Amino acid sequence: MLDRKYILDHLDAVRTNCGNRGVSCELDRLVELESQRREKLVAVQELNRQANEVSKSIGKASSPEEREQRKEEGRRLREAKDKAQTDHDALDAEALTIQKTVPNMAHDAAPVGVDDKANLEVRKGKHAPRALGFKAKDHVELGQDLDLIDFEGGARTTGAGFYFLKNEGVLLELALQQYAVQQLRARGFTVTTTPDLARDEILEGIGFMPRGPETQVYSIAESDLSLVGTAEITLGGLYSGHTFESEDLPLKLCGISHCYRTEAGAAGRASKGLYRVHQFTKIEMFAYSLPDQSDAVLEEFCQIECDLFDGLGIPYRVVDTATGDLGGPAYRKYDLEAWMPGRGDAGEYGEVTSTSNCTDYQARRLNCRYKVKGEKGTKFIHTLNGTAVAVSRAMIAVMENGQQADGSIVVPEALRPWVGMDVIGPKA
RNA sequence: GGAGGAGUGGCAGAGUGGUCGAAUGCGCCGGUUUGCUAAAUCGGUGAUGGGGUCAUUCCCAUCCGCAGGUUCGAAUCCUGUCUCCUCCGCCA
């Protein structure tokens, strides 16, 4: 969330930003509420001060009568304070509700536009899409022919959008995890495995809505826990409430988790196979950084994603995400879209990773701060996240790009140490 | 799952109703002293929010895991909750 004072001081810029993002917020109401709240706050503090003064004088009262009289005065002041406090809290709560709906500001260079049509391609990967010379199969067909994925089994046991990986499909999943984790470790990331559940309060801090009709997450009944949609949630929660020493930043973390998504409202965008599933494994990058480091860390995350997909020999393009497609917390976001030969009529790009600089938008809710030695006070850190490998979508790209005329799949060299073979299939 | 115990400033650790934002020690910052280092010694040293001077400053409110309650007044008493430790049971 944005700082309330910032919103008031930069009302025009915030309003413009909301417009660019296609979000409507009751900014005028917020301004009104906040000015009323400030007044109440001053009143509360003044009453408190008076009451404290009276309380202090009671111990020094010279007679029982005077003591009783002072007590009565104290009671009266506290009562008045409580009333003012209640008013203040109501104003504060309503202001907060609006404040939470205001999206982060956007980077000056982020393309302006209300949806993904305005996304700007900024670069392409090392490898160009390969001319197959035969009619490409999609990963669903490949997975079925080579006995790598069982969608029906997933639907029977759990529901549509769930699946079993089988045989070499499992080896691919594990290999992709190993590949990403090894690369990140070599680049100074602290690798972690993370809880698949998190408190609702943490989800909110990251910018997810844990409950309610619009929610994208599964919640656990009779608890304040939800299944995480990404390790970004748990990695961001890891240091909630923490104050970092500036010299310890940036802190780069890599987290392995399962990701659970209801995909509510995605019915119209339904797609086959692994592309939009309710559960997948993801290797996530996350960073806590100083404000003046976050632009560079975003570029670094993007470069790592590029290196990972270049290393797999997969063609892709990078897009600079338009304001309307950023989501609430992001200040700037790059998506990697991998070439998927089996998609559409003759292949299409499909999003495989995404990296965002959320500046202090998440940190404010999570109360993550930093302190500079020798300086007074603390400031909010910046948070960034990026997908190293979302296994399900990476598998689509690996399978479809590696397919050969005989129906087999060439395993990318980088994955062979873990898959243990050069080619998957074909099945006799 | 059962029974106990504990959560205080960067750390250790006092504090069981008012003078406590909180002793003391360590650490940290600055001064003095000393060929250098070390030691000694003196002083300073939390955060958040609000207000006035809008300049270095000053004033106020809040904060002792978190949320409530009792009271004129709570680190201190009560309730709930989270976390940690010990013992027992169970278990991959």
Side-chain angles (χ1 to χ4, degrees), chain A residues 1-9 30-96 99 193-205 210 219-226 233-234 236-249 251 258 288 291 360 362-381:
Chain A
M1 105 191 133
L2 286 182
D3 180 39
R4 213 178 281 179
K5 204 189 283 177
Y6 178 92
I7 296 173
L8 265 60
D9 291 347
L30 179 62
V31 171
E32 186 190 335
L33 286 166
E34 182 59 7
S35 82
Q36 289 174 14
R37 188 190 71 85
R38 290 277 183 88
E39 272 174 41
K40 275 290 173 208
L41 180 62
V42 170
V44 168
Q45 292 187 346
E46 176 57 20
L47 287 166
N48 238 327
R49 193 191 61 73
Q50 289 175 19
N52 286 343
E53 213 166 76
V54 169
S55 291
K56 275 185 202 152
S57 76
I58 288 175
K60 298 175 202 135
S62 51
S63 67
E65 293 76 32
E66 189 190 343
R67 183 182 296 261
E68 277 313 310
Q69 192 199 327
R70 288 295 169 92
K71 277 195 184 184
E72 183 49 43
E73 193 184 352
R75 262 190 288 271
R76 190 180 55 74
L77 284 165
R78 297 281 173 193
E79 226 168 81
K81 186 219 81 177
D82 285 344
K83 194 185 170 307
Q85 183 78 57
T86 304
D87 293 348
H88 169 272
D89 291 351
L91 290 164
D92 191 39
E94 194 183 341
L96 183 63
Q99 188 184 0
T193 64
T194 62
D196 284 347
L197 286 88
R199 294 185 204 282
D200 290 344
E201 158 199 344
I202 300 292
L203 269 77
E204 281 168 24
S219 52
I220 307 297
E222 291 169 52
S223 79
D224 64 342
L225 296 173
S226 295
I233 293 166
T234 38
L238 182 58
Y239 287 106
S240 63
H242 188 254
T243 302
F244 292 90
E245 293 290 340
S246 60
E247 63 219 59
D248 295 334
L249 298 173
L251 175 63
H258 293 113
Y288 296 91
D360 60 4
Q362 294 173 328
R364 189 165 290 109
R365 286 291 291 287
L366 294 169
N367 198 22
C368 293
R369 297 163 175 271
Y370 72 94
K371 174 172 190 358
V372 180
K373 253 207 175 82
E375 286 181 19
K376 242 182 136 49
T378 60
K379 298 195 179 90
F380 290 111
I381 51 102

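Below, each value reflects all heavy atoms present in this structure, side chains not excepted, and no hydrogens, waters or symmetry copies. Remember, predicted model here, so these are calculated numbers, not experimental data. Below, read A as the first sequence line, B as the second, and so on, with proteins coming before strands; counting in each chain starts at 1.
- Contacts of A:Glu201 classified as salt bridge (Lys or Arg N to Asp or Glu O under 4.0 Å), with partners at least two apart in sequence or in another chain: none.
- Among the protein residues, A:Arg76 comes within range of no part of the nucleic acid, since none of its heavy atoms lies under 4.0 Å from any strand.
- Put simply, the side chain of A:Tyr288 never gets that close to the backbone of A:Arg369: no donor and acceptor are under 3.5 Å apart.
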Report all interatomic pairs (protein N or O, nucleotide N or O of nucleotides 80-85 of chain B) with separations under 3.5 Å.
residue, atom, partner, partner atom, Å
B:C82, O3', A:Arg199, NH2, 3.3

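- Nucleic acid contact for A:Ile58: base, since at least one base atom lies under 4.0 Å from a heavy atom of the residue.
- Partners of A:Glu247 under the salt bridge (Lys or Arg N to Asp or Glu O under 4.0 Å) rule, at least two apart in sequence or in another chain, are A:Lys373.
- Nucleotides B:G17 and B:C28 place their P atoms 37 Å apart, quoted to the nearest Å.
- Listed by chain and residue number, A:Glu204 satisfy the salt bridge (Lys or Arg N to Asp or Glu O under 4.0 Å) test with A:Arg365 (two or more places apart in sequence, or in another chain).
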For this session: For nucleotides 55-61 of chain B, just jot down a letter per nucleotide in 5' to 3' order: B, S or -, based on protein non-hydrogen atoms under 4.0 Å.
Result: -----SS
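- Here, B:U86 and B:C77 have their C1' atoms 27 Å apart, quoted to the whole Å.
- The A:Lys376 side chain lies nearest to B:G46 when the options are B:G46, B:G49, B:G73.
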Exercise. Which dot-bracket string describes RNA chain B (Watson-Crick N1-N3 plus N6-O4 or O6-N4, or G-U N1-O2 and O6-N3, all under 3.5 Å; [ ] crossing; | other strand)?
Worked result: ((((((((.[[[..)..(.....]]]((((((.......))))))((((((......)))))).[[[[[..)....]]]]])))))))....
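- Among the heavy atoms of the strands lying under 4.0 Å from A:Lys5 are primed sugar atoms or P, OP1, OP2 only; no base atom is included.
- A:Val54 comes within contact range of no nucleotide atom at all, as no heavy-atom separation falls under 4.0 Å.
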